[in-house]
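Order of the sequence lines sets the chain letters (A, B, ...), proteins ahead of strands, with each chain counted from 1. Hydrogens, waters and symmetry mates play no part in the numbers below; they use all other heavy atoms, side chains included.
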Amino acid sequence: MKSFKKFKINTKKLSPKEKVILKKLISAVKLITPFYLKQKNEKYPGANFYPKDATKEEIQKAAKKNSLILNPYTFVERDKKGKLIAIPYHIKFKNKLKPIVNLIKEAAKLSNDKNFTKYLQSRAKSLLNGDYEKSDILLLKKGPFKISFIIGPIEWYLDKLFAKKYAYQAWVGILDEEKTEEAKELLTIVLSGRRKVLPGSKKINVSKINPRVDKTVAFSGLISEFLISSMNLPRDNKIVKKYGSELTIFEPVLKLRFKKDYFPICQKILNKKLQKQYLPDFLYKGALRYTLFNEISYSLICYKDAEKRLGNFFYIINEFFANILGIKIWAILFLKGIISQKELEAILIFYLCRNLSLGKLAIKRPDIAFHYQTRAAISINFLLKEGAIKMKEYGKKRGIYSFNFTKVFICIDELSRLLEYYLALGSYEEVQEFINEYGSFYTFKKFLNF
Amino acid sequence: MSEQKKFYLTKDGLKKIKKEYKDLKSLRFDKIKEEVPEVLKSEDLNIEYISFQEDVSLLELRIAELENILKNIELIKPPPKNKQNIVNLGATVLAEINGEIDEFKIIGTLEADPSNKKISNESPIGQALLGKKIGDTVVIKTPIVNHSCKIKKIKYN
């Protein structure tokens with residue numbers, strides 16, 4: 001797994017100055033990689049964020065006296081007396097971050113876009129002073145910019161102990177104006193409807209969602225290692241509530257994943273007749289549509305106290321519901337005549353392929369991408385139990401050998417009701433029961449060998 | 001003999017179609033009036049001529065489409081007041097569809113513009129709602145997706 005990746009992108013729409021800016025920002029993205037690696041440690045649930053000998057209880061006890069202990073931007077270490085203390089990232093790495101900061105500042109000076117200059121300057125400052133909020137807010141207020149650039153502690157996934165600490169991550173890309181406009185138009189249609197809130201629940205209304213489709217040039221951190229094809233920022237719900245969110249589709253990454261991973265799985269699950277009906281380009285569009293609305297859905301489903309009620313299950317259920325809701329939204333657009341039945345089917349096929357891809361990962365590396373794999377396991381087990389998919393255990397065609405679109409859709413409907421209930425009102429125990437029933441990886445081990 | 005397809009248009013929609021038809025006919029006339037590029041007497045293709053032919057063919061195609069539309073239009077008019085509790089073309093419907101409250105106008109396919117809340121009468125929702133009343137719960141049925149839809153309000157401009 002590579003922690004830094006570059007993509008070959010056509011930069012002819014950039015001016016000579018913009019090309020220089022891009023080069024500097026690519027260097028900044030590359031240079032943040034070692035900081036991510038310093039935080040990463042797959043051997044321990046708390047990675048390198050907490051002392052290896054510290055128990056969960058000890059950390060929680062210390063956090064009651066010092067809230068910085070569980071702050072997203074601090075390392076937890078022991079002082080000379082063995083007491084747990086919190087050291088902010090920007091203090092621990094102060095001098096080492098300076099070359100990156102200088103690159104960003106140089107890029108800022110070159111830009112003719114005053115707002116982008118301010119934004120870059122703010123991002124650079126945030127690396128040194130630990131105040132990441134200001135640059136997030138600037139991005140939401142003044143963006144989207146032609147060049148997309150994010151750097152800083154963003155990704156919580158390495159912290160399997162508390163899901164609190166953010167790891168360094170970065171990316172830089174160029175806005176694909178045409179695809180971004182299409183995404184915005186679809187979003188307008190989606191937001192014209194008003195989702196009903198479940199009685200008794202506390203929903204956060206998101207003020208603004210900015211979608212962007214990027215020609216990603218480089219990225220580093222967890223998104224590079226897992227080739228994550230989309231991201232929704234900021235993480236802080238308070239900022240999201242007030243200023244909205246920006247979601248980014250990293251299109252070159254999606255194309256790469258589609259070619260290497262998802263499409264070969266499609267070919268396994270579709271018979272020859274169906275393969276002729278769903279050609280690669282057509283299926284890829286399904287992948288892009290699925291990804292777009294998957295990300296949009298995160299912004300539509302913020303239930304205020306869900307994280308508190310559901311604890312560590314929150315991320316599984318939240319992510320799962322975003323997947324499902326995204327597909328349901330496409331179903332409504334199909335009913336409105338915006339996409340065809342076949343286009344909706346392509347989205348469902350991609351949904352299955354993506355879950356099977358996570359299933360493959362679950363067999364090889366059950367320790368990583370745990371939330372995503374659990375969600376995929378629940379999906380597949382649920383569909384299997386309801387007869388929406390059929391799987392073969394032996395022979396050449398081991399895996400999914402048939403699926404029924406109508407039944408898949410009925411399952412998606414049912415799952416969406418369940419998941420929204422859990423997020424809005426459900427308890428930790430209810431979710432635990434649900435995951436115990438459907439979250440086993442046994443199906444993957446039994447049926448998947450491709 | 002099969003029935004000709006009807007094209008449902010509002011007054012504004014009809015105006016736009018008529019204008020486009022007039023403009024394209026005028027453009028075709030101007031194009032043909034200009035000197036047509038000569039076909040060279042050689043084995044090489046004359047790119048200019050091919051391009052000219054393609055432009056004219058596209059124009060002709062679109063003009064023929066518009067003529068067909070203009071021959072088969074039906075103007076969308078609000079129904080009489082005593083029938084305005086029924087969904088018909090031109091109705092703006094407030095509906096609850098699978099947990100979501102949405103409002104949209106049902107219009108002919110030519111003027112459908114979902115980003116401006118105008119959906120086609122030929123869409124699954126359009127087809128299911130036409131002829132239904134306020135308070136009705138309709139099942140929008142398609143081969144893969146079925147959703148219930150409750151009509152909350154109907155209004156006409």
- [ ] Determine whether more than 12 heavy atoms belonging to other residues, nucleotides or ligands lie under 6.0 Å from atom NZ of A:K285.
- [x] no

Task: Residues, nucleotides or ligands: over 12 heavy atoms within 6.0 Å of B:E65 CD - done: yes

- [ ] Identify which of B:I97, B:I101, B:I125 forms the greatest number of heavy-atom pairs closer than 4.5 Å to chain A.
- [x] B:I101

Open item on the list: If we define contacts as heavy-atom pairs under 4.5 Å, which of B:I140, B:T109, B:N98 has the most with chain A?
Closed with: B:N98

TODO: For chain A, find which of B:E96, B:Q127, B:E122 contributes the most heavy-atom pairs closer than 4.5 angstrom.
DONE: B:E96

Task: Contact listing (chain A partner; residues 144-157 of chain B; heavy atom under 4.5 Å) - done: B:I144, B:V145, B:H147

Task: By side chain to side chain donor-acceptor pair (under 3.5 Å) - contacts of A:Q277 (at least two apart) - done: A:K342

Open item on the list: Whether the side chain of B:T142 engages the backbone of A:L335 through a donor-acceptor N/O pair (distance < 3.5 Å, no angle test) should be reported.
Closed with: no

TODO: Check the surroundings of atom NZ in A:K146: do more than 12 heavy atoms from other residues, nucleotides or ligands lie under 6.0 Å from it?
DONE: yes

Task: CG/B:N82: more than 12 non-hydrogen atoms of other groups inside 6.0 Å - done: yes

Open item on the list: How long is the straight-line distance from OG of B:S120 back to CD1 of A:I338, given to the nearest 0.5 Å?
Closed with: 10.5 Å

Task: Part of A:N404 within contact of chain B (heavy atom distance under 4.5 Å) - done: neither

- [ ] With rounding to the nearest 0.5 Å, note down the distance linking CD1 in A:I339 to OG in B:S123.
- [x] 12.5 Å

Task: side chain to side chain contact (heavy atoms under 4.5 Å, CB included) evaluation trace for B:D102 with A:K336 - done: CA-CA 11 Å; B:D102 204 352; A:K336 288 183 176 178; 2.3 Å; yes

